[in-house]
Every structure is written in C-alpha cells, then in structure tokens.
Asker: 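One structure coming up, written as structure tokens, with questions to follow.
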Amino acid sequence: MCERAFTRQKPPLVYFMSIDKAKFRKPVTPGDRVEFHMTKTNRRRTMWWYQGRAFVEGVLVCEAEIAAMLAESDK
C-alpha cells in the first residue's frame, strides 16, 4: 500500500474489510506513544492482508489481523 506513497498520483482510498483475532493486552492512556508494526502477509489484486502489533515503550499492547482494499479516488 505504501508503493504509491512516493509518486505524484492521487492516493488511493483504503477501505478496511475486516479486523480479526484482535487482542487488547494492556490499556493505552493519553500521552502514550504507540508504535504500530505491520507485516504484510498476503496480497491479491487490490486486497491486502496484514498482521499488526502495537507497542508502548516496547510492551505489546494490542495485536490483530487486518484486511484492507484499495480503490481509486475520484478526486
């Protein structure tokens, strides 16, 4: 999905299709700096699947499997 980030084309729209196996391990409070680590697991045409993890100060606070779809923007 980041492949088009460095081109001058209009950015595509991203639609989240599903969030599966979401687990919230620890609470996140205002002021925490959250780091998202995403790993692409699969791609089929305009659909992408990722394994995502969120960390606060190196501690895992959330993880999930995410599916997203790209669509061309009209504007």
Side-chain angles (χ1 to χ4, degrees):
M1 291 173 35
C2 294
E3 294 172 356
R4 297 185 189 183
F6 299 105
T7 64
R8 295 186 184 255
Q9 299 175 359
K10 294 179 187 175
L13 298 173
V14 178
Y15 295 105
F16 286 104
M17 296 172 30
S18 68
I19 298 174
D20 297 320
K21 300 180 183 175
K23 295 180 182 159
F24 298 93
R25 304 284 185 191
K26 299 203 183 259
V28 176
T29 58
D32 286 344
R33 192 176 128 241
V34 181
E35 296 179 15
F36 295 97
H37 297 238
M38 305 297 289
T39 305
K40 183 176 73 168
T41 57
N42 198 2
R43 178 185 176 201
R44 187 174 302 139
R45 294 188 182 226
T46 60
M47 293 183 286
W48 299 68
W49 288 268
Y50 287 89
Q51 167 68 38
R53 292 180 168 188
F55 295 89
V56 173
E57 296 181 5
V59 177
L60 179 67
V61 294
C62 182
E63 59 186 323
E65 293 178 0
I66 299 168
M69 179 182 215
L70 294 179
E72 298 297 325
S73 62
D74 294 336
K75 296 181 181 182

Asker: Nearest 0.5 Å, please: how far is CE in M47 from CG in N42?
Answerer: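 If we round to the nearest 0.5 Å, N42:CG and M47:CE are 9.0 Å apart.
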
Asker: Can you check whether E63 reaches Q51 side chain to side chain, under 4.5 Å on heavy atoms?
Answerer: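 Yes, close enough: below the 4.5 Å cut-off.
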
Asker: Among residues at least two apart in sequence or on other chains, which ones pass side-chain contact (heavy atoms from CB on, under 4.5 Å) with S18?
Answerer: D20, A67

Asker: Within a strict 4.5 Å, meaning less than it, do heavy atoms of the K26 and V56 side chains meet?
Answerer: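 Not in contact.
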
Asker: Could you tell me the separation between the NZ atom of K23 and the SG atom of C62, rounded to the nearest 0.5 Å?
Answerer: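 Result: 10.5 Å between the selected atoms.
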
Asker: Enter the distance from E57:CD to E35:CD here, rounded to the nearest 0.5 Å.
Answerer: 9.5 Å

Asker: Do the side chains of V61 and F55 join up, straight or via other hydrophobic residues, at under 4.5 Å, putting them in one cluster?
Answerer: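 No.
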
Asker: Say you draw a straight line from OG1 of T46 to CG of L13; how long is it, rounded to the nearest 0.5 Å?
Answerer: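 Nearest 0.5 Å value for the OG1-CG distance: 12.0 Å.
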
Asker: Drop me the distance from Y50's OH to H37's NE2, to the nearest 0.5 angstrom.
Answerer: 15.5 Å

Asker: Report the residues that fulfil side-chain contact (heavy atoms from CB on, under 4.5 Å) with K21, sequence neighbours left out, ordered by chain and then residue number.
Answerer: E65

Asker: Assigning hydrophobic clusters by single linkage (Ile, Leu, Val, Met, Phe, Trp, Tyr; side-chain heavy-atom cutoff under 4.5 Å), is V34 placed with V59?
Answerer: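 Cluster IDs for V34 and V59 differ.
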
Asker: Begin from the C-alpha positions of V14 and L70 and carry the test side chain to side chain contact (heavy atoms under 4.5 Å, CB included) through to its verdict.
Answerer: CA-CA 5 Å; V14 178; L70 294 179; 3.7 Å; yes

Asker: As an exercise, state the distance from CH2 of W49 to CE of M17, rounded to the nearest 0.5 Å.
Answerer: 5.5 Å

